[in-house]
Amino acid sequence: LRKKPSITMVKLMLLLIGLPILIAACLILLCIRRCLSNRNKQDDGQVLRAVRDPRGNGMEEETKSERIGARLFLRNCSEYVLQDAGAPIGIRRNKAFMIVRKKTGEIMVMVALRLPDAIKQHIQKVSEREALAKLLCDGISCRYIDKAHDVQFATVDGLIFTFHRLYQFGSLRDYIHSSNPRKPYFEKYCPP
């Protein structure tokens, strides 16, 4: 017959089996913690975070490159003149709105939009740019969306400029909210 193991022997066996499992669990938790802390350190230097407050202040910095590109385009353009580059009208971070005057005296809204890299690669040829411009000017057929009257490109910067008529009441949304179309987005649509 076999002898029953003593209590101390059972404790020793449990300790020998449980100790490696406990060490492995601690090592796994330590590795997970280290990976998470490294990811947070990388994010602090590499992630572009919005610098807007809840009222939309700080939007100017987010659309700065689009505004600079639009000003450079207008400097070399003989058809349009910058009328007002005031407060940011929109809320999108890759879209800048400016009010320009056409040679004929008509006031227009110029929208400078930074294109994604995938689209930027496809508009290198003149024929592709013309097709996109035609689509933007003629392709939209909705009575609530104003068609672009002119489309220009700055392919080096990856910017597209669309020109729309500025109506007295502004956009349809301005009309619905009874707001001034030249005011900043958060003053027009998000009253305190």
**Student:** For the atom pair CG (L72) and CZ (R75), what is the distance rounded to the nearest 0.5 Å?
**Tutor:**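 The CZ atom of R75 is 5.5 Å from CG of L72, to the nearest 0.5 Å.
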**Student:** Identify the two heavy atoms, one from G69 and one from L159, that lie closest to each other, and give their separation to 0.1 Å.
**Tutor:**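 For G69 and L159, the tightest heavy-atom pair comes out as CA-CD1, 3.6 Å.
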**Student:** CD/Q152 to CZ/R129 distance, rounded to the nearest 0.5 angstrom?
**Tutor:**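 Between atom CD of Q152 and atom CZ of R129 there are 10.5 Å.
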**Student:** Please find the pair of heavy atoms, one from L16 and one from P20, that lie closest to each other, and give the distance.
**Tutor:**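 Minimum heavy-atom contact is O-CD, 3.0 Å.
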**Student:** Taking all heavy atoms of A154 and all of F161, pick out the closest pair and write down the distance.
**Tutor:**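 The answer is CB-CE1, 3.7 Å.
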**Student:** Can you measure from SG (C26) to CD1 (I21) and round to the nearest 0.5 angstrom?
**Tutor:**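 Answer rounded to 0.5 Å: 12.0 Å.
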**Student:** When rounded to the nearest 0.5 angstrom, what distance separates CD1 in I160 from CG in L136?
**Tutor:**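 I160 CD1 to L136 CG: 5.0 Å, rounded to 0.5 Å.
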**Student:** So, for M98 and A70, which heavy atoms are closest and what is the spacing to 0.1 Å?
**Tutor:**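 Scanning both residues completely, I find the closest heavy atoms to be SD-CB, 3.7 Å.
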**Student:** Drop me the distance from Y80's OH to M108's CE, to the nearest 0.5 angstrom.
**Tutor:**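 CE of M108 is found 5.0 Å from OH of Y80.
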**Student:** What distance separates I17 CD1 from L12 CG, expressed to the nearest 0.5 Å?
**Tutor:**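 Nearest 0.5 Å value for the CD1-CG distance: 10.0 Å.
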**Student:** Is there side-chain contact between K102 and D150, with heavy atoms separated by less than 4.5 Å?
**Tutor:**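 K102 vs D150: side chains apart.
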**Student:** Test I99 against I107 for side-chain contact (heavy atoms from CB on, under 4.5 Å), laying out the working first.
**Tutor:** CA-CA 7 Å; I99 297 174; I107 303 295; 3.6 Å; yes
**Student:** Which residues satisfy the salt bridge (charged side-chain N to carboxylate O under 4.0 Å, His left out) test with R165, sequence neighbours excluded?
**Tutor:**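 Only E106 meet the salt bridge (charged side-chain N to carboxylate O under 4.0 Å, His left out) criterion with R165.
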